[in-house]
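Before any comments, here is the structure.
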Amino acid sequence: MNTHKGSEWWRHAVIYQVYPRSWADSDGDGLGDLPGITGRLDHLVELGVDALWLSPFYPSPQADAGYDVADYRNVDPIFGQLEDADKLIGEAHSRGLKLIVDLVPNHTSSAHAWFQEALVAEKGSPARNRYVFRDGKGANGDEPPNDWSAVFGGSAWQRITEPDGTPGQWYLHLFDPAQPDLNWDNPEIRADFVTTLRFWLDRGVDGFRVDVAHGLIKQRDLANWEYPIHGATGDGVEGRRAPMWDQDEVHEVYRQWRAVLDEYEGERILVAEAWVQPAERLAAYVRPDEMHQAFNFEYLEAHWTAPDQHSVISRSLAANDSVGAPTTWVLSNHDVLRHASRLGLPVGTPRPDGIGIGDAQPDPVLGLRRGRAATLLMLSLPGGAYLYQGEELGLPEHMTMPDEARQDPTWERSSHERRGRDGCRVPIPWEADAPSYGFGPTDASWLPQPRLWAEYALDRQRGVAGSTYELYRETLRRRRELGLGSGELIWHDSTGNSVLSFTNGGVRVLTNFGPDEVTLPEGAEVVLTSHPLETAGVVPSDVTVWLRA
Ligand code: TEU
């Protein structure tokens, strides 16, 4: 079975993530906005992607950069107005681009009307029942209801003061205290999210990226879990599945949503942001009556070795094939160290949660070289792919950001143990010599842009042979021309300890992970390389080549 074939656009689409805070600022306040995005849509057409996904732009106190939503059916004034969203959707469509929005169902903002109501309502009231409120333990209820920790650090429980001024119940927050978890056992919550789906579907969006899709349902008994909760999915620890992630009942929610999407014309999609491993467990989210795609984080986290890449690619394809879903591929997003920097760390280094002054710094040259090789490899795989804004410029992580400038709650909540995700969220350099490198009309930028940004600016790379930007464009153009997204991968015998090699339709792909050069067979016709070959027919370390098959 080839689950990437088929007319549906999402089976082989390349989807570009726009992080609205940092892509383009139309009004010069230092924060990106929707009119800014509309004004730069032609970049996506020139680059050659099929769709864009927008991180949240809804009303929010921005405690977690908009992943703390106070109103699911509006636009925050810092990003524009509802009309700006309509205009953006229309302008994207008129250019042949699909547009996906972010949906954050696991938690609301603590500023959401529901939570404000819950705070002043009585214990046991319907308003409290929209969230996960519990009495504390201990004689005075002053200990949290269980031992869960939050993803950003600290306890996952926060105690409230009751309306009469006495210390009160506790509420669950798997992330920041400003992000109370919703109670998905409550039918009112389920009904309201269907209203939100319809609200955006009616406005023409092509789908939803579903935040923390594996977290909505918690094990009923809220059993203790002494382990760190981040990354504790799949088989869990010591044979136990973590009680807050990947509970079987979560699938009911997506079956209901799928039925709603299927009422609409034009293949609207759901993509799961679910940190669930192994691939077989993740595949349950993309069964035929559930979501369309799931981010492949196991691929993002695979080490830069031929055996690891071979194994993750094979397993991902097999797991998705077994449920008839396309496999997706991703190397970067707004939560992880940019891959042009990550791959400059020694192979096998656990993925750091941010890098700052005083930390071991990755090798920037090696990182970019491997980053380009990884991208050329990724974009030759069948299925869908996700790109994160700026990776087409070869942007590194900002790894010397002053700690005072950090905004990610991770830094404070982890008691300064983890620097967090600001380094991959820095506003994009468009023009080398403009204020804020062309991010906006002024110098303002909500996170400081490093000095080095000028050399990565789009206008320094456009039309420049060998630039990372031109490599992305050329790769995307050929991928489309050759139909690689809907192709079929056949492993080549030479795949081994240091080389990965396969055929997909008209190309043979070869990545050299080893220290030694690889000599290509006589007469091999090179179509594309991630780095120029100094000697014809010889592939050096950390380079991917496409050969005519
Ligand atoms: O992320 C979910 C998640 O668990 C991780 O990506 C985590 O935030 C990160 O790895 C911590 O180091 C989603 C969003 O993508 C993220 O931006 C939000 O902060 C989070 O949900 C809460 O909404």
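One-based numbering, in listed order, for ligands and for the atoms of each.
- For the pair Arg40 and Trp23, the cation-pi criterion (under 6.0 Å, within 45° of the ring axis) is not fulfilled.
- Between Trp200 and Tyr58, the two ring planes are tilted [angle within 30° to 60°].
- Classification of the His251-Tyr254 ring pair by plane angle, with boundaries at 30° and 60°, yields perpendicular.
- At least one test fails for Arg128 against the ring of Tyr131: distance under 6.0 Å to the centre or angle within 45° of the axis.
- Between Phe193 and Trp184, the ring planes lie tilted relative to each other; the angle falls in the 30° to 60° range.
- For the pair Arg21 and Trp446, the distance from NZ or CZ to the six-membered ring centre is under 6.0 Å and the angle to the ring normal is within 45 degrees.
- Protein residues with a heavy atom closer than 4.0 Å to ligand 1 are Asp64, Tyr67, His107, Phe152, Phe175, Gln179, Arg209, Asp211, Val212, His230, Glu273, Trp275, His334, Asp335, Asp353, Arg421, Arg425, listed by chain and number.
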